[in-house]
Number of protein chains: 2
Amino acid sequence: MPKAQRMAQMLTVAEEIFAEQGYLATSMDEIAERVGVSKPMLYEYFGSKEGLLIGCIHRARTELREKTAAAIAGAASPEEFLRLGLLAFFEFIDEHRRSWALLRQEAAVAVPSAQEEVEGIRQQQTDMIGAVLASFTPDIDPLEAEAFAEIVVGATERLAVWMERRPSVGPALATDYVMAVIWPGVDNRLRKPLSPARLA
Amino acid sequence: MPKAQRMAQMLTVAEEIFAEQGYLATSMDEIAERVGVSKPMLYEYFGSKEGLLIGCIHRARTELREKTAAAIAGAASPEEFLRLGLLAFFEFIDEHRRSWALLRQEAAVAVPSAQEEVEGIRQQQTDMIGAVLASFTPDIDPLEAEAFAEIVVGATERLAVWMERRPSVGPALATDYVMAVIWPGVDNRLRKPLSPARLA
DNA sequence: GCAGTAGGTTACTCGAAGTAAGTTACGAGC
DNA sequence: GCTCGTAACTTACTTCGAGTAACCTACTGC
């Protein structure tokens with residue numbers, strides 16, 4: 001089997017097993033066996049167990065970026081922008097229920113470099129939020145814009161985890177909830193930024 | 001050295017080394033050496049590497065609960081309740097900069113049971129938020145109350161991580177930011193809950 | 001002064017990450 | 001239609017760290 005195809009297959013299998021059992025509880029031999037190949041092949045293509053994990057995260061990250069970019073393309077107002085972005089995110093999570101928890105949770109513990117990949121995902125999201133704030137309110141305090149973006153990302157991420165435990169809650173309702181809590185405050189600040197005096 | 005004292009010492013050392021190097025990169029031999037004791041003693045008192053990690057998290061959790069409970073004791077309004085709770089949380093994080101990141105991040109990856117301990121911390125927080133919502137608006141939809149609590153916890157947690165990277169941002173300002181984004185939306189819903197129609 | 005137990009150690013096993021060295025399949029060029 | 005080179009792959013290790021078995025020691029109550 002050609003390299004690219006084999007790598008993709010390895011990522012798929014690894015993502016599944018990692019998600020099932022957790023990163024620590026999974027051995028490279030087990031992944032190799034389920035792929036139908038020997039362990040050194042995994043090392044040939046991904047360098048280490050950590051490298052394999054990073055590969056999984058990276059692929060998910062790329063996919064998420066593409067879907068989000070497509071979703072927000074036609075947004076006209078900051079509210080619509082944010083809503084479409086959140087919805088794309090929750091839909092992505094919904095489709096990847098299995099691997100999601102692992103990739104976020106497990107990755108963080110495992111390795112510093114995996115942590116960077118996960119931070120990369122968050123960076124994409126905070127950048128998106130930052131873009132909303134900055135494009136519609138150019139004179140907003142940068143630190144405050146950053147804080148707001150982090151808050152929105154944190155809220156969204158947490159609700160995504162919660163959504164998994166609540167089968168009755170789908171992407172649309174999750175988006176509604178986040179918007180209901182977040183939007184009044186954000187909208188408020190878009191019109192009237194915090195005064196610099198508070199930034200002691 | 002008596003057992004209780006030795007255990008406390010082990011937790012302190014473990015927390016420090018885990019935070020420095022990460023859970024995976026730390027060996028039990030190393031912890032044992034730095035404690036000045038042999039490895040089987042760690043197993044005697046904590047059962048496993050995972051057990052040791054859980055011990056660290058559990059101790060932090062207990063301390064956080066006590067501090068938070070003390071802080072919110074005298075709150076009169078839901079807003080003050082929430083603000084004092086958030087402030088107590090951010091102050092706790094600020095005092096535990098080193099171990100904080102590890103305990104949250106690493107624990108998640110490492111072990112299912114450590115995950116439970118971390119979830120316990122979050123549960124404390126969501127319970128607190130839930131209490132605010134329920135006590136001041138008894139007829140709020142339980143699912144919605146849960147979602148709101150998760151959103152607040154997620155936002156807070158993420159901002160705590162961000163605060164660590166921004167030395168100029170202290171607990172007070174972090175609290176301000178979270179309240180600025182979160183409060184208008186929560187206040188809004190306290191007065192006028194989401195209609196059941198949306199809970200399709 | 002002896003028994004029992006709390007607190008401790010040395011010296012192992014075992015499983016999993018990572019590696020060295022070698023093997024097979026297969027297409028390109030003659 | 002044979003052979004050279006390389007891509008894809010394997011077997012058989014080494015190494016390191018989690019966890020354990022078996023044994024030791026010193027103190028405290030009687």
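So that the names make sense, note that chain A is the first sequence line, chain B the second, and so on, each numbered from 1. This one's a predicted model, so the numbers in the text were calculated from it and none came from an experiment.
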Dump every N/O contact between nucleotides 10-13 of chain D and the protein below 3.5 Å, one line per pair.
residue, atom, partner, partner atom, Å
dT10(D), OP2, S38(A), N, 2.5
dT10(D), OP2, S38(A), OG, 2.6

query = CD/E95(A) to CG/L64(A) distance, rounded to the nearest 0.5 angstrom?
reply = 10.5 Å
task = Find the distance between CG (L42(B)) and CE (M10(B)) and round it off to the nearest 0.5 Å.
result = 4.5 Å
inquiry  = Is the ring pair F148(B)/Y177(A) parallel, tilted or perpendicular, if the boundaries are 30 and 60 degrees?
reply    = perpendicular
message = Expressed as a whole number of angstroms, how long is the span from Q5(A):CD to dC9(D):P?
response = 10 Å
request  = Whole angstrom is fine here: how far is it from CG in L24(A) over to P in dG19(D)?
outcome  = 11 Å
task = Figure out the CD/C1' separation between E44(B) and dT10(C), and round it to whole Å.
result = 16 Å
Quiz item: cation-pi between K3(B) and Y45(B), 6.0 Å / 45° = no
key: Distance, rounded to the nearest Å, where E33(B) contributes CD and dT9(C) contributes C1'   = 15 Å
query = Between dA16(C) atom C1' and Y23(A) atom OH, what is the distance in whole Å?
reply = 12 Å
ask   = Between dA17(C), dA18(D), dA8(D), which one does the side chain of K3(A) approach most closely?
value = dA8(D)
message = Does K39(A) form a salt bridge (Lys or Arg N to Asp or Glu O under 4.0 Å) with E33(A)? I'd like the steps, not just the answer.
response = CA-CA 8 Å; K39(A) 191 168 57 165; E33(A) 192 186 358; over 6 Å; no
Euclidean distance, atom CG of residue D29(A) to atom C1' of dT14(D) [Å, nearest integer] = 14 Å
task = Name the nucleic acid region contacted by Y45(A), choosing base, sugar-phosphate or nothing; use a 4.0 angstrom heavy-atom cut-off, strictly under.
result = sugar-phosphate
request  = Could you tell me the separation between the OG atom of S168(B) and the CE atom of M163(B), rounded to the nearest 0.5 Å?
outcome  = 11.0 Å
task = Figure out the OH/P separation between Y43(B) and dG8(C), and round it to whole Å.
result = 17 Å
inquiry  = So, does K49(B) get its side chain near the phosphate of dA18(D), meaning an N or O under 4.0 Å from OP1 or OP2?
reply    = yes
task = Check whether any side-chain heavy atom of F46(B) sits under 4.5 Å from a side-chain heavy atom of I54(B), and report yes or no.
result = no
request  = Determine: side-chain N/O of R6(B) to OP1/OP2 of dG8(C), distance under 4.0 Å, yes or no.
outcome  = yes
inquiry  = Could you tell me how far apart I31(B) (CD1) and dG19(D) (C1') are, to the nearest whole angstrom?
reply    = 14 Å
